[in-house]
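Structure first, then comments.
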Amino acid sequence: MARGTLFSPRWLPWLTALIIAVITLTTYRWYVQQNDDYARARFMILTDDIALAITERMKNHELILNSGAGFIGASRTVSRREWHHYYESLHLDQNYPGILGFGYARLLRDAERPEFERRVRDEGFPTFEVHPPGARALYVPVTYLEPFSGANLDAFGYDMFSNETRRQAMVRAVDQNATSMTSRVTLVQKAASTREQAGVLIYVPVFYEGQPLLTRAQRWQALRGFVYSPYRISDLIEGSVPSSSSLGFVLFDGAPSPATEMYRSFDEAQVDIDKARYTQELTLDHFGKTWTLRVYSLPGFEKQFVSLADHLLLPTGLAVALLAFALVFIMVNRQRKAERLAKRMTRTIRHNERELQDIRARQERVLSGSNDGWWEYDLQKGELFFSERWWSLLGLTHDDYPTTIDTFMSLLHPEDHEKTVTRFYDRLGSNDTEFNVEFRLRHRDGHYIPFLSRGTIQRDGSGQAIRISGVNMDQSERHRIDQMKRSFVSTVSHELRTPLTSISGALSLVNAGALGPVPEPMAPMLDIAKLNSDRLTLLINDLLDMDKLIAGKMTFSLASYALRALIDEALKSNQGYADRFGVTLNARPFDDTHVQTDSLRFQQVLSNLLSNAIKFSPKGDVVDIDIHHASESVIVSVIDRGPGIPEAFKPHIFQQFSQADASDTRNVNGTGLGLAITRQLVINMRGEIGFETPPEGGTRFWVRVPKA
């Protein structure tokens, strides 16, 4: 009885409709999830772009302030006119909107204030005085400020040390010997517009040249003043991040609250952020202060991911379920019309299949319309999908090759196999949900195209990766531009070398008195010119070396050399440089052996490591060379007892143009290319290079050289 009731034909229409409805809902949810994943990934990329734009702008401002500090520190005195000319050469108002001024504030003690005010009045400012009034132990009045007009005149002579917020930032700058930024403040300069804007100030300390700076007390004793800039946050952000109708963001000074809000990119009255589909909160650390960035998707962003399929897929599927119910119901209850109903149902099913095919075709056209190649890999099913655009970027179609992992590996450049596979497996084995990797794929005509693949990893509740979705972006244009940059740098460097050599030689002759005694007022400027000429010569030589290494044009002649002779030559070559800094070079005792290397390039490596160790060593200290024998190689170490390498800088130490804050020890100059060149030289000589920062202090750079 129960069995007959369960399998009664009258349940067949309901069962059919239920199955189709379940399939439709499942398909619709899958489609919505894929669309949502893609939109979320795009939102995260745009969010990172906003944060990166703000971070890069802040780094640029720090470089500007450091250049000003270097300008002040390189001379015993800098006049108001010199500061004005230096400011005009930077073109800050054109390149970096948001900077209200570029100034220098001198440190004064109470006894120095009257004489300071008298000198400024003698410069043509008869009413000048340090304000606000009152006796204080220390003053930091605004001494030079460009542009010296308009609202900036309100700040001339203002003692920034009298304000608690500004004082905290300046104290932190000296205590940590680093760039420091204030919390949000009300600027002394009045805004020209009626819109109220939050402001911040960034300070870089300037010390008297040659003074020890190892301890806090020494830095305060050697403090000369601060190079600083005031900013209006709205002008600063709007000059860094392009306006967009897709994303809105709010910037807070510290933890988010109405009291800490500094900038909002959208009109709060017109945008309801509570309805934003995607939100992201990031923290940005800048110069001792933490900003919070909240990003919201706006309606303009969310509309980009709404297609015709969103509106048709679900109602079409449910309509099919309802129609199937009706057809089966009629078929069951009207057996006499079974054949006619069966034909009608067949036609209906075919019609619905064509509609589904049309929907799939529309989805494919949407994907193919993108300039990037989309792909997806279902790890559980082992199914791989490449969009038509993915194939067309390689001059292929999906009919040319099967869509499999083996096809991808066959198109991958042989040199990129291990790197690409390792990168993907590392990301799958971690908890990351995003990835990016660069590789080259073979085009139909045989040449290889560089791609950047970026995407997301979908994981189940246990954290296991189940699906990877990504996009391949053609990097040919970027590589072409990089090559143009390298060619430009190489050409400019070669063109500058000859005239710069003449300029440097002429300056040396003038400074040496070949043309007669140098007038005393002119001597400091000539010294500065000669110093900067030498720096530029060093930079050009480093750029040419890096260009040769990247282009593979630098030749290496590997042969057998006695290690002791190489070490003695390096010590002799660098002893004069060490004497300038009051540093002693010492080679610890070792058993001599022969190594397989290029003598000239090995000397260049040792000179780079020794010069760095000398510059960062305290006066009167010793830089040691230590030799350690391994089974098939020799490890040559250069050891100093300087301040060590900051933890945050360690991952970037061998990158081009990377420099830690050299003022941790002294005013150290460099191009930021020395260690990058050294690393490439060592690799080309079949060696290894690394560094350590022992707990007792200092730094140990080591080079592993194969024995002959």
Side-chain angles (χ1 to χ4, degrees), residues 54-73 92 96 98-108 138-145 155 158-189 198-208 211 213-233 236 251-255 260 262 283-292 643 646-649 659-668:
I54 295 174
T55 300
E56 290 297 322
R57 177 52 61 90
M58 299 305 290
K59 289 181 179 178
N60 290 338
H61 289 320
E62 183 184 21
L63 290 175
I64 293 169
L65 292 175
N66 281 332
S67 74
F71 179 70
I72 293 289
L92 299 182
Y96 298 97
I99 301 181
L100 285 181
F102 182 61
Y104 168 65
R106 177 183 169 183
L107 177 72
L108 297 175
L138 294 177
Y139 303 80
V140 185
V142 176
T143 307
Y144 301 151
L145 183 58
Y158 174 66
D159 175 18
M160 295 184 287
F161 216 65
S162 66
N163 177 265
E164 178 62 23
T165 302
R166 293 170 172 82
R167 182 168 60 252
Q168 288 178 358
M170 287 186 279
V171 169
R172 183 170 62 251
V174 179
D175 287 352
Q176 299 179 5
N177 199 0
T179 304
S180 179
M181 182 171 67
T182 68
S183 303
R184 59 173 290 174
V185 298
T186 300
L187 298 175
V188 176
Q189 294 91 331
V200 296
L201 297 96
I202 302 179
Y203 296 94
V204 171
V206 180
F207 301 101
Y208 286 103
Q211 296 296 314
L213 306 173
L214 296 179
T215 66
R216 178 178 182 274
Q218 289 175 341
R219 289 192 289 272
W220 277 102
Q221 182 64 32
L223 183 62
R224 184 173 178 179
F226 298 88
V227 172
Y228 82 104
S229 281
Y231 306 85
R232 292 197 186 102
I233 293 298
L236 178 65
L251 192 64
F252 300 91
D253 182 16
T260 61
M262 296 194 298
T283 57
L284 309 177
D285 294 322
H286 298 308
F287 317 133
K289 300 300 294 182
T290 298
W291 288 353
T292 301
E647 194 66 31
F649 182 66
Q659 290 179 298
D661 188 357
S663 59
D664 285 336
T665 55
R666 65 178 75 243
N667 189 14
V668 178

Would you check if the side chain of [X] reaches a backbone N or O of [Y] as a donor-acceptor pair within less than 3.5 Å?
X	Y	result
Thr165	Ser183	no
Thr179	Glu62	no
Arg172	Met181	yes
Thr260	Ala255	yes
Ser229	Gly101	yes
Ser180	Ala169	yes
Thr292	Gly254	yes

Which atom of [X] lies closest to which atom of [Y], heavy atoms considered:
X	Y	value
Ala69	Val204	CB-CG1, 3.7 Å
Leu108	Pro141	CD1-CG, 3.7 Å
Gly73	Val206	N-CG1, 4.2 Å
Phe226	Pro205	CD2-CA, 3.8 Å

Could you grab the distance from atom [atom1] of [X] to atom [atom2] of [Y], nearest 0.5 Å is fine?
X	Y	atom1	atom2	answer
Leu236	Ile202	CG	CD1	7.5 Å
Tyr158	Met160	OH	CE	8.5 Å
Tyr228	Tyr104	OH	OH	12.0 Å
Arg219	Gln176	CZ	CD	9.0 Å
Asp159	Arg167	CG	CZ	9.0 Å
Phe207	Leu223	CZ	CG	6.0 Å

Go through it in stages, so that I can follow the logic: the residues are Ile54 and His286, the test is side-chain contact (heavy atoms from CB on, under 4.5 Å), and I'd like the CA-CA distance, side-chain angles, deciding distance and then a yes or no. CA-CA 10 Å; Ile54 295 174; His286 298 308; 4.2 Å; yes
Surrounding CD of Glu164 (heavy atoms of other residues, nucleotides or ligands, distance under 6.0 Å), is the total greater than 12?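 Atom CD in Glu164 is packed in, count exceeds 12.
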Enclosure of Gln168 CD (heavy-atom neighbours >12, cutoff 6.0 Å):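 Yes - once you tally the heavy atoms of other residues, nucleotides and ligands closer than 6.0 Å, there are more than 12.
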Do [X] and [Y] touch side chain to side chain, with heavy atoms closer than 4.5 Å?
X	Y	value
Trp220	Val171	yes
Thr55	Lys59	yes
Phe102	Leu65	yes

Audit row: Tyr231, Met58, side-chain contact (heavy atoms from CB on, under 4.5 Å) steps and yes/no: CA-CA 11 Å; Tyr231 306 85; Met58 299 305 290; over 6 Å; no
Derivation of the side-chain contact (heavy atoms from CB on, under 4.5 Å) call for Trp291 and Ile233: CA-CA 12 Å; Trp291 288 353; Ile233 293 298; 4.1 Å; yes
Evaluate Phe161 against Leu107 for side-chain contact (heavy atoms from CB on, under 4.5 Å), listing each step before the verdict. CA-CA 9 Å; Phe161 216 65; Leu107 177 72; 5.9 Å; no
Would you say the side chains of Arg106 and Thr143 form a donor-acceptor pair under 3.5 Å?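 Side chains of Arg106 and Thr143: no pair found under 3.5 Å.
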